[in-house]
Amino acid sequence: MQDRYSPQAVERDAQNFWDAHGSFRTVEDPAKRKFYCLSMFPYPSGKLHMGHVRNYTIGDVLTRHYRMRGMNVLQPMGWDAFGLPAENAAMANRVPPAKWTYDNIAYMKKQLQSLGFALDWQRELATCRPEYYKWNQWLFVRMFRKGIAYKKTGIVNWDPVDQTVLANEQVIEGRGWRTGALVEKREIPMYFFRITDYAEELLAALDGLPGWPEQVKLMQKNWIGRSEGVRLAFPYELAGEARELWVFTTRADTLMGATFCAVAAEHTIALHAAKTNPELAAFIEECKRGAVMEAELSQIEKKGMPTGIFVTHPLSGAKLPVWVANYVLMGYGEGAVMAVPAHDERDYAFAGQYGLPIAPVVRHALGDTVPGPWKPEYAEQGTLINSGKYDGLDFQAAVDAIAADLQAQGLGEKHVQWRLRDWGISRQRYWGCPIPIVHCPKCGDVPEKEENLPVRLPEHLVPDGTGNPLAKMPAFYETSCPACGGPAKRETDTMDTFVDSSWYFARYACPDNTEAMVDARARHWMPVDQYIGGIEHAILHLLYSRFFQRVMRDEGLFGTLDPEHALAKGEPFTNLLTQGMVLAESYHRENAQGRREWVNPAEVEVTRDAKGRITSARRIADGAELTYGGIGTMSKSKNNGVDPQALIEKYGADTARFFIIFASPPTNTLEWSDEGVEGSFRFLKRLWAHGAKFHGRGDSGATDDANAKAARHEIHTVLRQANYDLSKHQFNTVASAAMKILNALERAPLEGPVAREGLSILLRLLSPITPHIAHHLWCELGYGEDIMQAAWPEPDPAALEQDEIDYVVQINGKTRGSLRVPRSADRPALEALARASELVARYADPAAIKKVIVVPGRLINVVA
RNA sequence: GCCCGGGUGGUGAAACUGGUAGACACAGGGGACUUAAAAUCCCCUGGCCGCAAGGCCGUAUGGGUUCGAGUCCCUUCCCGGGCACCA
């Protein structure tokens, strides 16, 4: 056996062994319990980043652990290969997105393989391949026929200079990232998925997901946003025609306190009033400028302007003015709200700003009036006042009575409102899945015939930033109508990449099927038993996947299902582990054009103050002063990614894997630092050295040796804890446990069964984390041929037993020492020992003892 | 702004269901080995007071519940994620 640990050789040999034995190939096996372990597939951005390494290492630890526990584990890998970065790279390098993407996939696949992940590569898929996206299109057509996919207008960011639609991340401070032009909102026709049809089910089913973090379920719940209230109408006249302004409110009890209504800039009333009011038209134009992001909209100053139009209060008959307000969103509800300034903080501020009346109608904790400044109590529910016949009613009674009166007049009803909006999937971009619709002047929007799918995306185009190249390519869009055969134009928008990632997990079960989207194998493997990915996907990706799973179920793609079958419930992921993000510091400077240029932390030298805060930073290469951009997720845009490749090359995959597991529990954010990697490498070197020393020793040696016995007790105690930690997915302490076991082994005698057993436990415990070195030592030390075939270690109860237990002794809740007590001591014996102990004599008056609290096996607290 | 998390030594973290705070490491200091360095090994390392024994303080902040709080409840501050076209 080599004296020196040489990770490259060890890892190459282990990987060759796995390749030769097809160790990670998985087929359906009814004799074993199936376990589908899936990590979110990567976007092929060029090279792996630390977030990937972390994600896939976590998945691999789970996979290898469950394999050793005898399950039939499926762990596939693929590529989320459509998306914006490929177009950006294409513009920068004049290379087609397809070539860039395929090159990246080839390189990143090598990287993944070098990390030794137990992946079944035979199932590899890439969403940009026609074999894959054909089924996006196929399902889209079915959804379109069913009405789950439909067309309406949606609002996008428009760059007036490049004449192109911008993604939110391409809008920087309200301007286009390339042109610097002020971005405008523009309404365009788009396709939507009717996810709101499933809102109720998506919400209710969250309760049936015990394997999901509460935090994620809560985020989804809030996102879906069920609210019960009343939909009601304010009648008005427009150009002599009777109309109704419909609003939704959760506070119908405050209806008698409504003093005005506010509508979005795009609302019919606003547009009508603007025709004769240039000032209002200008204000509406102002509202239309700027980005569409909600985060941005919520930060803007609340502004409004009267329309001059009045509506009639449905109960009091009073005339209320209608205002245009920039905080009312057209996309949410009816694009109009009733304003009750006395009991709503935003309305209160708005009324104060524009001198609108404030009418209190609810008795709150502070009284019957609402003097400024605003108090949260004003918004609380209470008994109605100043509300005529509704006076004296509480919240629920008032809502019931008011809803009944409105309904009698046909001016309102109880209503459940959802915050969730339908999913707009059209993207005016090239590098995505074409939407299989043909626009025919005679037949309208006609889906492509099934036999003509997939609608292939040409792979040779290079976008230039001025709109979708497909829209400039007659060979792509000139076609004939699938219905009437006449000349027609193909849709040139492509699908949101979230469509691709909403069902890939089902396709892994049967990636080779050219006849069907999914088959019986999907029914076997689905649902995913353990899904692992970044917390940043907690809402959108996971919600869309849950929606798609239900659409596929309702399309009968999984066959007829027993109602108790997990797939019948529509949930694709039984257990979810949301790993924390990998964060890194970022640095930037202004370049000659006044744009921010981000410098990779590897090229930066920083100075820190006594508290470790960064005081200044400069680029090592040229000494340029840099601005510290704070700590944040590793991203291409901030150029703060740490390349794992250097780490792998210097220390090997096992060290990289061990460090990333050891550094932090999976769900924590991980602030990247290069320090600490050395320590992981040192540990593996020590492990190797221990193995080399142990190599060739016999099993002779004293079993009864007290040191050996103590070591065995320690090892099994640590193992018990490690197994518990594994079950909680707290892998960092499993790595610690391995270190503790090695420490114990180094203190214990090197020969004999305890040493041999201890090392075998250590190797098996480590094998999911550092599979290469574990594989090598396992073979080399004669434990077996393949550690993956070995049984998972369990602690021996006999080794865990102890003759004496150390009890913590507290006096009045303060820890004062400990008592060594025979294991057999019962509660009265423990109490007596404590009362008689010299600790009590020293810190309390034994005569004044009021009570003694005994926690078995742990602690005695004497209260005096 | 709204929704969801988090905050423990110089650093990453640990601490079972409310029961000895800081396991295991990193960094730092001291020492051994070496001509020297690297590597390796040993010792020390939360703060304050003390020659020592020991004492007091300490889990972002301020309060509360409890025999006992890092852990439960409330307040404030700071940091991270999401906000529907980044993936």
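Protein chains get the first letters and strands the later ones, always in sequence-line order, with residue 1 at the start of each.
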Could you say whether A:R427 or A:E678 is positioned toward the 5' end of RNA chain B, judged by the nucleotide with the nearest heavy atom to each? A:E678
Can you identify which nucleotide, out of B:G19, B:A84, B:C24, has its nearest atom closest to the A:N861 side chain? B:G19
Please check this pair: side chain of A:H716 against backbone of A:H713, looking for a donor-acceptor N/O pair closer than 3.5 Å. no
A:F731 CZ to B:A14 P, in whole Å, measures 14 Å
Using atom C1' of each nucleotide, how far apart are B:A15 and B:G68 to the nearest Å? 16 Å
Syn or anti for B:G55, taking syn as within 90° of 0? anti
Got a donor-acceptor contact below 3.5 angstrom from the A:D493 side chain to the A:S426 backbone? no
Which one of A:Y133, A:Y132, A:F41 satisfies the ring pair (Phe, Tyr, Trp, His ring centres under 6.0 Å) criterion with A:F82? A:Y133
Look at A:Q730 and B:C24 and indicate whether a side-chain polar atom (N or O) is within less than 4.0 Å of OP1 or OP2. no
Pairing of RNA chain B as dot-bracket, 5' to 3': ( ) intra-strand, [ ] crossing, | other strand, . unpaired, with Watson-Crick or G-U pairs under 3.5 Å? (((((((..(((......[....))).(((((.......))))).((((....))))..(.(((..]....))).))))))))....
From NE2 of A:H541 over to P of B:C86, roughly how many Å is that when rounded to an integer? 16 Å
Looking at the side chain of A:K851, which of B:C67, B:C86, B:G1 is the nearest nucleotide? B:C67
Could you tell me how far B:C33 sits from B:G28 if I compare only their P atoms? Round to whole Å. 22 Å
Given atom CD1 of A:I741 and atom P of B:A23, what is their separation to the nearest angstrom? 18 Å
Looking at A:R816, does any N or O in its side chain come under 4.0 Å of the phosphate oxygens OP1/OP2 on B:G19? no
Categorize A:S680 for me: base, sugar-phosphate, or nothing, with a 4.0 angstrom heavy-atom threshold over every strand shown. nothing
Taking the same atom, C1', in B:C67 and in B:U20, what whole-Å distance lies between them? 16 Å
Once you round it to whole Å, what is the distance between P of B:G82 and NE2 of A:H537? 9 Å
Determine: side-chain N/O of A:N743 to OP1/OP2 of B:A25, distance under 4.0 Å, yes or no. yes
Donor-acceptor pair, distance only, cut-off 3.5 Å: does the side chain of A:D80 make one with the backbone of A:P44? no
From the list B:A14, B:A87, B:G55, which nucleotide is the closest neighbour of the side chain of A:P665? B:A14
Nearest listed nucleotide, side chain of A:R421, among B:A15, B:A84, B:A87: B:A84
Heavy atoms only, 4.0 Å cut-off, all strands: where does A:V677 land among base, sugar-phosphate and nothing? nothing
A:R54 side chain vs A:V582 backbone, donor-acceptor pair below 3.5 Å: no
Examine distances only and state if a side-chain atom of A:D159 and a backbone atom of A:D162 form a donor-acceptor pair shorter than 3.5 Å. yes
Nucleotide nearest A:W223 (side chain, heavy atoms from C-beta), chosen from B:U40, B:G12, B:C83: B:C83
Could you tell me whether A:R827 and A:E831 make a salt bridge, using a distance below 4.0 angstrom between a side-chain N and a carboxylate O? no
When you compare B:C26 with B:C43, how far apart are their P atoms, in angstrom units rounded to a whole number? 14 Å
For B:C4 and B:G58, measure between their C1' atoms and round to the nearest Å. 30 Å
Over how many whole Å does the gap from A:I539 atom CD1 to B:A87 atom C1' extend? 15 Å
Quick check on the 6.0 Å ring-centre criterion: do A:Y544 and A:W423 meet it? yes
Any side-chain N or O of A:R346 less than 4.0 Å from the OP1 or OP2 oxygen of B:C2? no
So, is A:T733 close to the B:A14 phosphate, meaning a side-chain N or O under 4.0 Å from OP1 or OP2? no
Distance-only donor-acceptor check, side chains A:N136 and A:D500, under 3.5 Å: yes
If you compare every side-chain N and O of A:Y5 against the phosphate oxygens of B:A39 (OP1, OP2), does one of them come in below 4.0 Å? no
Any idea which of B:G1, B:A23, B:A87 is nearest the A:S736 side chain? B:A23
Does the side chain of A:T815 get closer than 4.0 angstrom to OP1 or OP2 of B:A21 through an N or O atom? yes
So, is A:S298 close to the B:C2 phosphate, meaning a side-chain N or O under 4.0 Å from OP1 or OP2? no
Please state how far atom CD in A:E296 lies from atom P in B:C2, giving the value in whole angstrom units. 17 Å
Provide the distance between the two C1' atoms, one in B:U71 and one in B:U8, to the nearest whole Å. 12 Å
Closer to the 5' end of RNA chain B via nearest nucleotide, is it A:Q428 or A:Q215? A:Q215
Under 4.0 Å: is that the gap between some side-chain N or O of A:K740 and OP1 or OP2 of B:A23? no
Candidates B:G80, B:G81, B:C26 - which lies nearest the side chain of A:T669: B:G80
Counting side-chain heavy atoms from C-beta on, which of B:U40, B:C4, B:C86 comes nearest to A:K685? B:U40
What is the nucleic acid contact for A:I853, judged by heavy atoms within less than 4.0 Å: base, sugar-phosphate only, or nothing? base
Using OP1 and OP2 only, check whether a side-chain N or O of A:K814 sits under 4.0 Å from B:C57. yes
Answer with base, sugar-phosphate or nothing: what part of the nucleic acid does A:A295 contact at a heavy-atom distance below 4.0 Å? base
Rounded distance in Å - CD1 (A:I715) to P (B:A23): 20 Å
Counting the atoms with a prime plus P, OP1 and OP2 as sugar-phosphate, which does A:L420 contact under 4.0 Å by heavy atoms, base, sugar-phosphate, or nothing? base
Can you identify which nucleotide, out of B:C24, B:U20, B:C86, has its nearest atom closest to the A:V808 side chain? B:U20
Under a 3.5 Å distance rule, please check whether A:D344 uses its side chain to pair with a backbone N or O of A:D347 as donor and acceptor. yes
For A:Y198 and A:L203, indicate whether the former's side chain and the latter's backbone hold a donor-acceptor pair under 3.5 Å. no
Should the pair A:R686-A:E746 be classified as a salt bridge under the 4.0 Å nitrogen-to-oxygen rule? yes
N/O donor-acceptor pair, side chain A:Q299 with base B:G1, under 3.5 angstrom: yes
Can you tell me how far P in B:G46 sits from the matching atom in B:A52, rounded to whole Å? 16 Å
Side chain of A:L540 only, heavy atoms from C-beta on: which candidate in B:G81, B:A87, B:A13 is closest? B:A87
Looking for any heavy atom pair under 4.0 Å, which part of the strands does A:D806 touch: base, sugar-phosphate only, or nothing? nothing
Say you pick atom P in B:G5 and the same atom in B:G12; how far apart are they, in whole Å? 23 Å
Can you tell me how far C1' of B:U20 sits from CD1 of A:I860, to the nearest Å? 13 Å
Just to confirm, is there a sub-4.0 Å distance from OP1 or OP2 of B:G12 to any side-chain nitrogen or oxygen of A:N668? no
